[in-house]
Novice: 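Submitted below is the structure of interest, expressed as structure tokens.
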Amino acid sequence: MKTMTAFRRAIDKAPIVPVLTVQDVAYAAPLADALIKGGLTSVEVTLRTPAALEVIRIMGDMDNDLLVGAGTIISEGDVDAALKAGSDFLVTPGTSPLLLEALSNHDGVILPGISSASEAMARFDEGYGVMKFFPAEASGGASFLKSLAGPLPHMDFMPTGGITPKNAADYLALPNVIAIGGSWIATPADMANGDWDAITDKARDAVRIGRDKG
Ligand code: 3PG
């Protein structure tokens, strides 16, 4: 896994993390190239397809600076498999006691999922300073995170779930949002159609929204 400093350096350049659900290992290399061409510096590959671990491996072995994280980590087995595949960071949709125990055995960039103030406070006490806010739109959206910044200004979040080009700027404007994640940049249909140029265009547009964060 990467250090939080390396992760922060990457998302400072481009605070948008595409959430990738990849059906075919053949997509891994052209997908990574398309996203990098669009200016992105990190990806989250969800462990929701049989191809996911090999995709992480292939992207990680490519000669570039892309940070390749694993998402949809929900069990100890997922943690072990994702790390074995060379994941640079881990993202979870939420936490169970068993998952927390498995995560506590590892250093590096781990973004546990939260959707309430109490969960955020518990994860912070356990040492997690950056968390995934999921599912962002369904859990109160940008206004929820804005409300948290008052009493809990020391915590940072990467919201995902329902984020689109329409609401991305609302999240990125918040002081406690270090990056946003979303699947719109590279959808399963884009990949199946081999529409790498469309992915590059969407990545570029997302980077532009991120740049306005200042
Ligand atoms: C996920 O893990 O599914 C992400 O949160 C992506 O959500 P989205 O498809 O709404 O962008």
Side-chain angles (χ1 to χ4, degrees), residues 7 11 14-23 27 31-32 34-35 38 40-53 55-56 59 67-75 77-79 81-82 85 87-96 99 103 109-116 119-120 123 128 130-145 148 156-172 174 176-193 195 198-199 201-210:
F7 180 69
I11 58 171
I16 293 97
V17 182
V19 175
L20 308 175
T21 297
V22 188
Q23 300 290 350
Y27 303 155
L31 178 57
L35 294 167
L40 293 177
T41 56
S42 63
V43 297
E44 174 188 326
V45 179
T46 67
L47 299 194
R48 293 184 211 162
T49 66
L53 291 167
V55 168
I56 291 171
M59 286 185 172
L67 292 198
V68 183
T72 322
I73 300 281
I74 60 173
S75 69
D78 291 340
V79 173
S87 302
D88 291 323
F89 61 96
L90 304 181
V91 185
T92 86
T95 48
S96 67
L99 178 59
L103 293 172
V109 183
I110 297 170
L111 279 64
I114 63 95
S115 61
S116 71
E119 283 179 295
R123 297 298 83 79
Y128 300 105
V130 184
M131 296 161 235
K132 165 166 165 145
F133 172 46
F134 176 83
E137 279 295 289
S139 306
S143 64
F144 173 88
L145 283 181
L148 277 198
D156 287 322
F157 300 94
M158 179 177 85
T160 75
I163 300 186
T164 67
K166 283 202 174 73
N167 57 19
D170 298 339
Y171 286 95
L172 287 165
L174 300 174
N176 56 353
V177 169
I178 63 163
I180 58 171
S183 61
W184 86 90
I185 296 166
T187 65
D190 292 332
M191 298 178 219
N193 295 332
D195 206 348
I199 292 172
D201 286 347
K202 285 190 277 182
R204 219 171 254 144
D205 289 345
V207 170
R208 212 166 289 136
I209 299 171

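This structure is a prediction, so every number in the text was calculated from the model and none was measured. The first residue of the sequence shown is numbered 1, and numbering continues consecutively from there. As the structure lists them, so they are numbered: ligands from 1, and atoms in each ligand from 1.
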Novice: When you compare the side chain of Asp190 with that of Lys202, does any pair of heavy atoms fall below 4.5 Å?
Specialist: yes

Novice: Could you give the distance from CE (Met191) to CG (Leu20), rounded to the nearest 0.5 Å?
Specialist: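 Spacing of CE (Met191) from CG (Leu20) equals 5.0 Å.
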
Novice: Evaluate side-chain contact (heavy atoms from CB on, under 4.5 Å) for Val109 paired with Asp88, printing each intermediate quantity in order.
Specialist: CA-CA 7 Å; Val109 183; Asp88 291 323; over 6 Å; no

Novice: Could you tell me whether the side chain of Ile185 reaches within less than 4.5 Å of the side chain of Leu40, counting heavy atoms only?
Specialist: yes

Novice: With a cutoff of 4.0 Å, is Lys132 in contact with ligand 1, counting heavy atoms of the residue only?
Specialist: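 Yes, that is the case, since the closest heavy atom of the residue is under 4.0 Å from the ligand.
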
Novice: For ligand 1, is there an atom lying under 4.0 Å from some heavy atom of Gly162?
Specialist: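 It does; at least one heavy atom falls under 4.0 Å.
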
Novice: What I want to know is whether Gly161 and ligand 1 share at least one N or O pair that is separated by under 3.5 angstrom.
Specialist: yes

Novice: Considering only heavy atoms of Gly182, which atoms of ligand 1 have at least one such atom less than 4.0 Å away?
Specialist: 11 (O)

Novice: For the side-chain contact (heavy atoms from CB on, under 4.5 Å) test, which of Thr92, Ile114, Val91, Ile110 pairs with Lys132?
Specialist: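 For Lys132, the side-chain contact (heavy atoms from CB on, under 4.5 Å) test succeeds with only one of Thr92, Ile114, Val91, Ile110, which is Val91.
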
Novice: Of all the heavy-atom pairs spanning Ile56 and Ala70, show the shortest one and how long it is.
Specialist: CD1-CB, 3.7 Å

Novice: Does ligand 1 have an atom under 4.0 Å from some heavy atom of Arg48?
Specialist: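 It does, in that a heavy atom of Arg48 comes within the 4.0 Å cut-off of ligand 1.
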
Novice: Atom 4 (C) of ligand 1: which protein heavy atom is closest, and how many Å away?
Specialist: Thr160 OG1, 3.7 Å

Novice: Which residue supplies the protein heavy atom nearest to atom 8 (P) of ligand 1, what is that atom called, and how far is it?
Specialist: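 Checked against all protein heavy atoms, atom 8 (P) of ligand 1 sits closest to Ser183 OG, 3.4 Å.
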
Novice: Taking both backbone and side-chain atoms of Thr72, is any N or O found less than 3.5 Å from an N or O belonging to ligand 1?
Specialist: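 N/O-N/O distance below 3.5 Å does not exist for this pair.
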
Novice: Find all atoms of ligand 1 within a distance of less than 4.0 Å from any non-hydrogen atom belonging to Phe134, and give their numbers and elements.
Specialist: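 Those of ligand 1 that fall under 4.0 Å from Phe134 are 5 (O).
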
Novice: Centres of the Phe144 and Phe133 rings: under 6.0 Å?
Specialist: yes

